[in-house]
4 protein chains.
Amino acid sequence: MDYQELLHDAMDAARATKGRGRVADYIPALAGVDPGGFGMALATVDGEVHGVGDWEKPFSVQSVSKLFSLALVLAHGGDGIWHRVGREPSGNPFNSLVQLESERGIPRNPFINAGALVVTDRLLTLTGDAAESVREFLRAESGNPDLGTDPVVAASEAEHGHRNAALAHFIASHGNLDNDVDTVLEHYYGHCAIAASCRDLALAGGFLARHGTRADGIRLLSRSEAKRINAVLLTCGSYDAAGEFAFRVGLPGKSGVGGGVLAVLPGRASLCAWGPELDAAGNSVAAVAALDAFTTATGLSVF
Amino acid sequence: MDYQELLHDAMDAARATKGRGRVADYIPALAGVDPGGFGMALATVDGEVHGVGDWEKPFSVQSVSKLFSLALVLAHGGDGIWHRVGREPSGNPFNSLVQLESERGIPRNPFINAGALVVTDRLLTLTGDAAESVREFLRAESGNPDLGTDPVVAASEAEHGHRNAALAHFIASHGNLDNDVDTVLEHYYGHCAIAASCRDLALAGGFLARHGTRADGIRLLSRSEAKRINAVLLTCGSYDAAGEFAFRVGLPGKSGVGGGVLAVLPGRASLCAWGPELDAAGNSVAAVAALDAFTTATGLSVF
Amino acid sequence: MDYQELLHDAMDAARATKGRGRVADYIPALAGVDPGGFGMALATVDGEVHGVGDWEKPFSVQSVSKLFSLALVLAHGGDGIWHRVGREPSGNPFNSLVQLESERGIPRNPFINAGALVVTDRLLTLTGDAAESVREFLRAESGNPDLGTDPVVAASEAEHGHRNAALAHFIASHGNLDNDVDTVLEHYYGHCAIAASCRDLALAGGFLARHGTRADGIRLLSRSEAKRINAVLLTCGSYDAAGEFAFRVGLPGKSGVGGGVLAVLPGRASLCAWGPELDAAGNSVAAVAALDAFTTATGLSVF
Amino acid sequence: MDYQELLHDAMDAARATKGRGRVADYIPALAGVDPGGFGMALATVDGEVHGVGDWEKPFSVQSVSKLFSLALVLAHGGDGIWHRVGREPSGNPFNSLVQLESERGIPRNPFINAGALVVTDRLLTLTGDAAESVREFLRAESGNPDLGTDPVVAASEAEHGHRNAALAHFIASHGNLDNDVDTVLEHYYGHCAIAASCRDLALAGGFLARHGTRADGIRLLSRSEAKRINAVLLTCGSYDAAGEFAFRVGLPGKSGVGGGVLAVLPGRASLCAWGPELDAAGNSVAAVAALDAFTTATGLSVF
């Protein structure tokens with residue numbers, strides 16, 4: 001396949017969506033991004049990398065980082081995390097407290113904010129530094145030593161983070177945090193505020209395309225664990241619109257309100273698309289359109 | 001692959017779960033089934049059929065029929081149905097009225113009872129006989145002319161169907177039914193109470209493995225439509241446990257409280273497993289265990 | 001006190017609200033009422049009756065009838081009804097299914113639609129004719145032999161009653177109806193569609209002002225039962241705005257979407273105000289304003 | 001009436017409930033109380049005070065303090081608070097986040113925890129010291145200069161207060177707090193952890209029996225404001241069991257998890273009963289039983 005041409009066509013589809021969404025503005029540091037930006041990268045399992053548009057420009061990874069913190073918890077600590085967080089779609093907006101209350105502090109899945117706080121808490125206990133663990137992993141897989149947390153974004157998230165603080169205190173009230181609420185929040189913001197490019201993320205997501213093996217050939221997760229993360233991505237990776245994403249794109253994927261979406265073609269490639277305008281569910285309009293165009297043109301999907 | 005041996009191993013795994021679930025007892029006609037029964041069939045895209053255990057014994061297909069009514073609506077009437085029913089996981093037990101109320105009578109997806117009633121209503125309008133359309137399709141694909149609705153089960157469902165009647169009236173109160181409530185319920189029970197075997201259903205599900213083509217080579221759905229049904233099956237096909245099913249089995253699938261589960265390996269095969277003991281979410285314990293064992297042993301899954 | 005003058009002042013306050021609400025239009029038979037109509041009546045415990053405006057013109061009593069069906073159940077059958085219906089405010093719109101589901105078919109209180117259906121079911125069992133029991137009671141207390149059910153309104157309610165049918169089937173699915181769903185609905189519509197005037201209802205509510213004694217001096221309810229009905233009226237009598245009604249008016253009261261509100265001054269008088277324009281919660285804007293003006297001017301309230 | 005004898009009879013009724021509830025144990029400082037304790041006091045509008053049992057022994061007032069912080073906000077700042085908090089029963093357990101989320105950070109009423117946090121925030125802005133304002137008022141009305149906050153209880157609440165912290169952050173995320181979250185919580189715990197006796201509270205609640213006038217004859221609230229606080233107490237003062245309290249006791253009242261209940265007979269008297277064992281809704285079993293016995297024996301109730 002001529003991936004480069006396919007990426008160009010996907011970019012055309014993405015650009016046609018301009019103006020159909022809104023840039024995240026819940027923190028000032030994110031609101032300043034150029035709404036018309038777009039980039040896309042594809043990394044094959046055997047090392048090829050392709051890209052179009054702003055594919056090497058860093059953006060705020062936000063919830064895309066949740067995929068890596070989950071993978072690192074599983075790599076370090078095994079399956080214990082599944083007693084503290086579920087793996088069902090939430091059926092409610094991504095930062096809802098409702099289910100958390102009716103389900104006694106066990107978040108529905110690791111990709112809603114509540115679940116990601118529990119995963120961060122666990123990674124903190126396992127490694128001593130949850131945010132740095134994620135950064136190190138991303139640096140190693142992408143080969144980009146400059147990749148780091150944007151301190152302005154992290155500080156802005158903390159300052160405007162009453163809702164996440166509410167979630168963390170609520171989970172703590174149910175005994176489902178091991179570490180101090182403020183420390184967990186700091187590490188959560190630390191990994192959400194990482195700045196990385198489409199290229200960086202496509203490469204960093206390669207272990208899911210390679211059934212669990214890192215870029216250097218060393219196994220991070222078992223084949224079965226990698227398959228299962230892909231399953232959770234597909235059912236829970238796009239906030240309240242996971243069904244829609246599966247319907248349109250047909251790939252496991254994780255989105256973030258920074259506008260990035262990382263998707264996986266198991267056994268073949270990992271892709272990352274980015275565009276800052278979001279739909280009502282918080283997913284990038286351009287990135288989803290690009291991935292939709294790509295899977296439709298190639299017939300490549302898990303279905 | 002030696003499918004026959006794989007099916008035998010899967011049956012061993014299924015039988016080890018004996019006693020871990022409960023046979024559906026909400027209607028007397030279902031409660032009488034032998035709890036220890038098990039069968040499994042696999043139909044490849046090029047016509048091979050394999051089976052073990054009670055694979056040729058008919059059981060009540062129940063919600064597995066919802067997959068066929070949806071496919072037939074799409075085959076007849078195009079995409080209009082998606083204005084009347086969503087495609088997101090519900091995040092709530094399968095017959096919940098809560099979301100229906102907060103979402104103005106638009107069911108979350110076509111596989112919860114509320115959504116299936118809307119699909120049945122549409123199929124009734126399109127064909128004049130929703131239940132018979134499903135039966136005809138199943139007969140044609142399975143090559144089994146004797147396949148039909150069990151009148152005792154259908155009558156029993158109607159008699160104990162206050163909850164479905166409540167759902168139907170509630171949807172009607174929002175203007176989302178075209179036909180009379182009682183007629184829609186009659187056709188709904190008519191296709192849910194169909195008795196079919198694992199063999200019948202594995203064959204009848206073949207169009208999803210063949211990307212939309214029927215057993216006779218005629219196209220029922222476009223490739224894209226078939227992919228999309230698979231996506232909805234994966235995110236919404238197992239009641240409130242779709243995440244768990246994706247996590248363990250990794251295939252699109254549809255379960256029914258009669259104990260059947262139909263699953264799809266796109267491009268390769270369709271499978272049906274049956275065992276009447278259900279877990280708390282309403283999925284067959286033995287059938288899920290068998291499919292889990294099969295995909296783990298073969299490494300075959302969509303992820 | 002010069003009640004006649006007080007009622008005139010209250011009518012002035014009521015008329016100033018003209019245009020602030022909307023006439024109920026969920027059934028055509030109600031939508032035809034003159035939006036500018038207003039009436040008010042007061043009946044003292046010792047037999048005086050005063051009235052202003054359209055106080056002798058019949059209107060559709062709707063949910064005001066629920067107060068009488070509850071009183072008659074208690075008069076006939078004692079306290080058993082409280083095992084089948086609660087007495088807490090619902091905190092949700094008046095025809096909500098949500099709590100009914102989470103609370104296993106036990107309606108929150110006897111004045112939401114779900115609860116009134118259970119009360120009607122019980123009255124039907126106790127008397128053989130729930131609607132006629134309510135009519136007879138109203139005729140006797142008001143001395144108006146012509147008082148009856150408006151057949152056009154009753155038929156219209158049945159025709160547009162998918163939501164009540166949904167509630168009734170849902171309650172039946174939890175085993176909380178003794179009679180057939182259709183019969184219960186028929187009697188429910190039968191008493192809701194009674195046409196009565198402010199004069200009729202003020203007189204008929206007198207037993208609550210007289211601590212349980214009927215107009216003829218015969219005891220209907222014990223003093224304690226009458227007190228308790230007043231308590232339930234105050235906490236649950238105004239749909240989702242019982243707190244607001246208590247805050248503004250400070251009397252036990254029951255409203256209906258026909259625009260009537262019946263209120264009680266224990267030990268002193270019963271009042272009925274009517275105006276067809278409703279606020280968002282379903283309470284008559286003019287009637288509440290009139291009662292507010294009356295209690296503010298007189299300093300008469302239970303607080 | 002022989003109040004002293006009536007109180008003795010009420011105490012007998014209360015003592016018969018021994019063992020039917022559980023002492024609050026969500027903080028260690030409360031769990032240490034003698035479960036068999038009971039006291040009751042009555043203060044008439046013209047200055048008589050009566051008491052039985054442990055009526056002069058201080059206990060933790062907890063949510064009973066919410067009544068005073070609301071009254072002081074109204075006394076200082078007028079009606080503006082009603083834009084920031086509602087006055088409807090919540091229909092949900094007292095510390096629920098659910099409605100807060102669906103209703104955009106506006107708590108249902110001033111007596112659920114969320115609402116009381118908003119009231120405390122407002123009192124803090126109006127007076128500079130919310131907790132001290134409540135203490136000063138209680139000292140002045142009760143004539144007890146030693147009345148103060150128990151520092152051990154306050155510290156214990158803060159330490160185990162993740163749920164209240166979650167509520168406060170959540171309200172702040174909706175912009176409904178003017179002061180810093182931690183400061184609001186400190187003042188909230190400051191007034192909840194006040195230790196006062198039945199005698200102190202019965203006297204301090206006298207302004208509601210005197211239609212808004214303080215013990216020294218000076219007006220705190222208008223007659224209409226006092227009436228309205230009584231209305232909110234009746235519909236919202238007993239957590240999720242306000243309907244039940246109105247049904248049984250028939251008086252406006254406010255309960256706390258320290259076991260106290262303050263109730264008002266408008267125009268006549270204020271009463272406070274205390275017993276540490278709580279029912280499932282968080283109301284004192286003994287105190288409610290005592291008030292029930294008192295109102296049943298005397299026929300005194302607002303209905």
Side-chain angles (χ1 to χ4, degrees), chain A residues 79 82 85-93 96 98-99 102-103 108-112 208-209 211-212 222-252 264-267 281 292 295-297 299-303, chain B residues 79 82 85-93 96 98-99 102-103 108-112 208-209 211-212 222-252 264-267 281 292 295-297 299-303:
Chain A
D79 276 1
W82 299 120
V85 66
R87 46 210 182 206
E88 289 302 330
S90 74
N92 270 315
S96 170
V98 176
Q99 282 182 328
S102 64
E103 294 169 11
R108 266 296 170 98
N109 67 62
F111 297 145
I112 54 174
L208 288 174
H211 302 302
S222 70
R223 186 183 180 96
S224 171
E225 283 171 326
K227 158 189 156 182
R228 290 176 172 195
I229 291 186
N230 282 334
V232 182
L233 286 171
L234 198 129
T235 52
C236 313
S238 314
Y239 306 126
D240 198 26
E244 191 65 20
F245 188 83
F247 188 87
R248 287 184 59 192
V249 175
L251 297 179
V264 183
L265 260 166
D292 183 354
T295 55
T296 301
L300 293 171
S301 94
V302 302
F303 305 117
Chain B
D79 277 359
W82 299 121
V85 65
R87 46 211 181 203
E88 290 301 331
S90 74
N92 269 316
S96 171
V98 176
Q99 283 183 328
S102 65
E103 293 168 13
R108 265 295 171 98
N109 67 62
F111 296 145
I112 53 174
L208 289 174
H211 302 302
S222 72
R223 185 183 181 96
S224 172
E225 284 171 325
K227 159 189 156 183
R228 290 175 172 196
I229 290 186
N230 281 333
V232 183
L233 286 172
L234 198 127
T235 54
C236 313
S238 316
Y239 306 126
D240 198 27
E244 192 65 20
F245 188 82
F247 189 86
R248 286 182 61 191
V249 174
L251 297 179
V264 183
L265 260 167
D292 185 353
T295 56
T296 301
L300 292 172
S301 95
V302 300
F303 305 118

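Each chain gets a letter, A, B and so on, in the order the sequences are listed, and its residues count up from 1.
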Margin query: If you compare all heavy atoms of A/Leu234 against all heavy atoms of B/Leu234, which two are closest, and at what distance to 0.1 Å?
Written below: CD2-CD2, 3.0 Å

Note to self: If I measure from the heavy atoms of chain B, does A/Ser224 come under 4.5 Å with its side chain, its backbone, both, or neither?
What the structure shows: neither

Next item on the list: For A/Glu88 and B/Ala242, indicate whether the former's side chain and the latter's backbone hold a donor-acceptor pair under 3.5 Å.
Entry: yes

Checklist line | Side chain A/Arg87, main chain B/Gly243, donor-acceptor under 3.5 Å | finding: no

Item checked: Residue, of A/Leu265, A/Asn230, A/Leu251, that accumulates the most heavy atom pairs under 4.5 Å with chain B -> A/Asn230

Item checked: Interchain contact, B/Ala241 with chain A, by part (heavy-atom threshold 4.5 Å) -> both

Item checked: Engaged part of A/Ala209 at the chain B interface, taking heavy atoms whose separation is under 4.5 Å -> neither

Notebook entry, point to check: Which atom names give the shortest non-hydrogen contact between B/Ala231 and A/Ala246, and what distance separates them?
Noted result: CB-O, 3.3 Å

Next item on the list: Would you check, one step at a time, whether the test side chain to side chain contact (heavy atoms under 4.5 Å, CB included) holds for B/Val264 with A/Phe303?
Entry: CA-CA 9 Å; B/Val264 183; A/Phe303 305 117; over 6 Å; no

Next item on the list: State the OG1-NZ distance between A/Thr296 and B/Lys227, to the nearest 0.5 angstrom.
Entry: 4.5 Å

